[in-house]
Novice: 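Got a structure for you, written out below as C-alpha cells; questions coming shortly.
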Amino acid sequence: MPELPEVETVVRGLQAALPGKRILDLRLGKTDFIEDPAALAQQLPGSRITSVRRYGKFIIVDLESANRNPPELSLLIHLGMTGQMVTCSPEVPSPPHTHLFFALDDGRELRYTDIRRFGSIRILTDVARKMLLGGLGVDPLEATQEEFVAKLHARRARIKALLLDQHVLRGIGNIYTDESLWRARIHPARLGANLKHQELRRLYHAVRDVLTEAIRLRGSSISDYVDSAGRPGGYQQRHRVYQREGKGCFRCGKPIHRAIVNGRSSYFCPSCQPAPRLRGRRRRSLPGRSLAYERCRSSSNK
DNA sequence: CTTACGGCCTGGGTGC
DNA sequence: TGCACCCAGGCCGTAA
C-alpha cells in the first residue's frame, strides 16, 4: 500500500536511475486502467527523462522530446494499492500482472506491475498536471506547525478522515494515519475542531516522526510493496498498531482494538487513545448513558 | 459549503 | 477440489 514513505522511496530510486535516459520503446499489457494508452504509445518513445519527483502519493516523471511541441510533458503515476515501478534487466522474468514495459537506452527496462490495477498512469502537459494536482493539500513534511494546527482545528470532521483527505494533507494513507494517531495518543474518531492545540502539536510531530522514520526504513511492505529495485521496505516491523488487533499496546500493554472509522479499518489503543464522548445533541433520555464509543465496537458492517 | 457514507474497481486469501 | 465471500485504498457521487 504505497503511501508517502513508499512513494518517496520509489522516487528516490528512480531519480537515481532514470534522469538522462531515453525511452526507446513502450510495450503494453492490459491497459483498461490507463485513461489513454494510445497517448502513451505515441508520446513516450523518443522521450528523454529529465527528473523524477513525488507529489503526495503521485510519481511525476518529467520528459522532454526535441521533436514534439510542447517539448515538455510528464508522466503522472499513482500506484494505487498494488502498483510497483521497478527497473531491471530485460532478462529478468517479469512478475505476473506487469502491464507496462519501458525499454531504456541503457539496455535496462522500467516496468509497471499492478495486481489490482487500482493505479493510474497518464501523460500530461504542465498545465494539465497542475490542474489535476492543484487541489491537493500541503505535504505533511513541508507544512509548518502553525499551518498544520490551523488547518485541522478548522474542521469538524473526524481526525482520521482529515489525515486521510488528500485535499487537506497530501500523501498520508491508512497505515500512517493510525501509526501517527497512536503516537500522538489521539483517538481516530475525535473531531479536528475538538482537539486541543497541544494535541494538534503532538500530532504534527507524530506525523513527521512516523513518516521520517518510515522513509528511513524504506517504507512498509505489507503485501505487495517493493521499491524501484524490487526490494521490500522495513517499517512494517516498527508498526505499533496497524494490523495488531488483540496484541499488546507498546505503551500500556492493553490489547489494540480495530474499529471501522470513516469506512476504514482503524487500529488504536483504547486506553492510550481515549474515545470521544458520543456525538452532540443526542435524544435527551438515553437509557443509561453509554460513554463507550459505540462505533468502535468492531463488527457492525457499515 | 461541509460531512458521512456507500459503491466501485480487482484479485488474493480464507474458510467452508 | 472448488467456490463464495471478505477485504484492501482511493476516489467519486449522492444525500443530508
Side-chain angles (χ1 to χ4, degrees), chain A residues 1-7 10 29-35 37 54-59 76-84 95-100 112-122 131-137 140 150-181 188-195 214 219-226 232-233 235-236 239 241-245 258-267 276 278-282 293-296 298-302:
Chain A
M1 358 241 116
E3 306 178 21
L4 189 153
E6 290 77 32
V7 179
V10 170
K30 277 194 187 176
T31 56
D32 57 356
F33 68 105
I34 303 173
E35 205 177 56
R54 177 182 66 78
Y55 195 89
K57 297 178 198 169
F58 287 92
I59 300 169
L76 185 65
I77 301 158
H78 195 294
L79 299 176
M81 282 176 60
T82 54
Q84 305 175 342
H97 308 289
T98 302
H99 307 302
L100 285 90
Y112 179 79
T113 304
D114 191 346
I115 296 174
R116 302 274 155 85
R117 305 205 299 284
F118 285 7
S120 73
I121 300 189
R122 48 188 129 198
M131 289 270 277
L132 221 104
L133 300 178
L136 297 188
K151 250 190 143 154
L152 297 178
H153 196 64
R155 301 285 297 272
R156 291 200 53 78
R158 294 181 184 131
I159 190 63
K160 168 105 184 181
L162 295 174
L163 291 178
L164 285 173
D165 187 343
Q166 302 299 297
H167 302 278
V168 178
L169 295 167
R170 68 173 115 104
I172 304 177
N174 206 33
I175 295 175
Y176 297 105
T177 294
D178 284 2
E179 293 297 320
S180 300
L181 288 171
R190 299 276 306 277
L191 306 187
N194 289 352
L195 293 170
S220 302
S221 288
I222 298 298
S223 51
D224 305 283
Y225 164 72
V226 292
Y235 193 72
Q236 65 282 359
H239 289 177
V241 282
Y242 188 75
Q243 290 193 343
R244 295 194 63 250
E245 182 177 20
R258 183 174 84 98
I260 304 299
V261 179
N262 292 284
R264 287 277 167 271
S265 252
S266 304
Y267 300 89
L278 238 28
R279 267 174 310 172
R281 25 125 196 113
R282 211 98 174 105
Y293 186 69
E294 289 174 306
R295 292 173 137 326
C296 290
S298 4
S299 73
S300 131
N301 70 332
K302 290 223 105 160

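Sequence lines set the chain letters: A, B, ... in the order given, protein chains first and strands last, and positions in each chain run from 1.
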Novice: Does the side chain of A/H239 reach to within under 4.5 Å of the side chain of A/I222, using non-hydrogen atoms?
Specialist: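 Heavy-atom side-chain distance check passes, below 4.5 Å.
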Novice: Would you say A/Y242 places a side-chain N or O within less than 4.0 Å of OP1 or OP2 belonging to C/dG9?
Specialist: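 Yes, because at least one side-chain N or O of A/Y242 sits under 4.0 Å from OP1 or OP2 of C/dG9.
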Novice: Could you tell me if the side chain of A/Y55 sits less than 4.5 Å from the side chain of A/L136, heavy atoms only?
Specialist: yes
Novice: Strictly below 4.0 Å: does A/R264 bring a side-chain N or O up to OP1 or OP2 of C/dA8?
Specialist: no
Novice: Determine whether the aromatic ring of A/F118 stacks with the base of B/dT10, defined as ring centroids separated by less than 5.5 Å and ring planes inclined by less than 30°.
Specialist: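 Aromatic stack with B/dT10 absent for A/F118.
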Novice: Counting any heavy atom closer than 4.0 Å, what does A/S265 reach on the DNA or RNA strands: base, sugar-phosphate only, or nothing?
Specialist: sugar-phosphate
Novice: For A/L136 and C/dC11, what is the distance between atoms CG and P respectively, to the nearest whole Å?
Specialist: 8 Å
Novice: Would you call A/R170 and A/L133 a side-chain contact if the rule is heavy atoms closer than 4.5 Å?
Specialist: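 No; the side chains remain at least 4.5 Å from each other.
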Novice: Between atom CZ in A/R116 and atom C1' in C/dC11, what is the gap in whole Å?
Specialist: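 Spelled out: CZ on A/R116 to C1' on C/dC11 is 17 Å.
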Novice: May I have the distance from A/E6 (atom CD) to C/dG9 (atom P), rounded to whole angstrom?
Specialist: 11 Å
Novice: Using the side-chain heavy atoms of A/M81, tell me which of these nucleotides is nearest: B/dT2, C/dA8, B/dA4.
Specialist: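 Nearest to the side-chain atoms of A/M81, counting from C-beta on, is C/dA8.
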Novice: Does a side-chain N or O from A/R117 land closer than 4.0 Å to OP1 or OP2 of B/dG11, or not?
Specialist: yes
Novice: Can you tell me how far P of C/dC6 sits from CD1 of A/I260, to the nearest Å?
Specialist: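 In whole Å, C/dC6 P and A/I260 CD1 are 13 Å from each other.
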Novice: For a quick test of reading the model: is some side-chain N or O of A/H97 closer than 4.0 Å to OP1 or OP2 of B/dT10?
Specialist: no
Novice: Whole angstroms only, please: what is the CG-P distance between A/L76 and C/dC11?
Specialist: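 Result: 11 Å.
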Novice: With the side chain of A/I115 defined as its heavy atoms from C-beta on, choose the nearest nucleotide among B/dA4, B/dG12, C/dC11.
Specialist: B/dG12
Novice: Closest nucleotide of DNA chain C for A/H167 versus for A/I175: which of these residues is on the 5' side?
Specialist: A/I175
Novice: Could you tell me which non-hydrogen atom of A/L152 sits nearest to which non-hydrogen atom of A/V168, and how far apart they are?
Specialist: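 It is CD2-CG1, 3.9 Å.
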Novice: Would one find a side-chain N or O of A/R258 under 4.0 angstrom from OP1 or OP2 of C/dA8?
Specialist: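 Yes, A/R258 has a side-chain N/O under 4.0 Å of OP1/OP2 on C/dA8.
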Novice: What's the NZ-P distance between A/K151 and B/dT2, to the nearest Å?
Specialist: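 Computing the A/K151:NZ to B/dT2:P distance gives 12 Å.
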Novice: Round to the nearest Å and state the distance from A/I222 atom CD1 to C/dG9 atom C1'.
Specialist: 13 Å
Novice: If I take atom CG in residue A/D32 and atom P in nucleotide B/dT10, what distance separates them, rounded to the nearest angstrom?
Specialist: 6 Å
Novice: Please tell me which of the listed nucleotides, B/dG11, C/dC11, B/dA4, lies nearest to the side chain of A/K30?
Specialist: B/dG11
Novice: For a quick test of reading the model, state the closest non-hydrogen atom pair linking A/R264 to A/N174 and the distance between them.
Specialist: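 Closest approach of A/R264 to A/N174, heavy atoms only: CB-OD1, 3.9 Å.
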Novice: Is there a side-chain contact between A/H78 and the phosphate of C/dG9, meaning an N or O under 4.0 Å from OP1 or OP2?
Specialist: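 Negative; the distance criterion is not met.
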Novice: For the residue pair A/F33 and A/H99, is the inter-centroid distance of their aromatic rings smaller than 6.0 Å?
Specialist: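 For A/F33 and A/H99, the ring centres are under 6.0 Å apart.
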Novice: Considering only side-chain heavy atoms of A/N174, which listed nucleotide, C/dG9, C/dC11, C/dA8, is closest?
Specialist: C/dG9
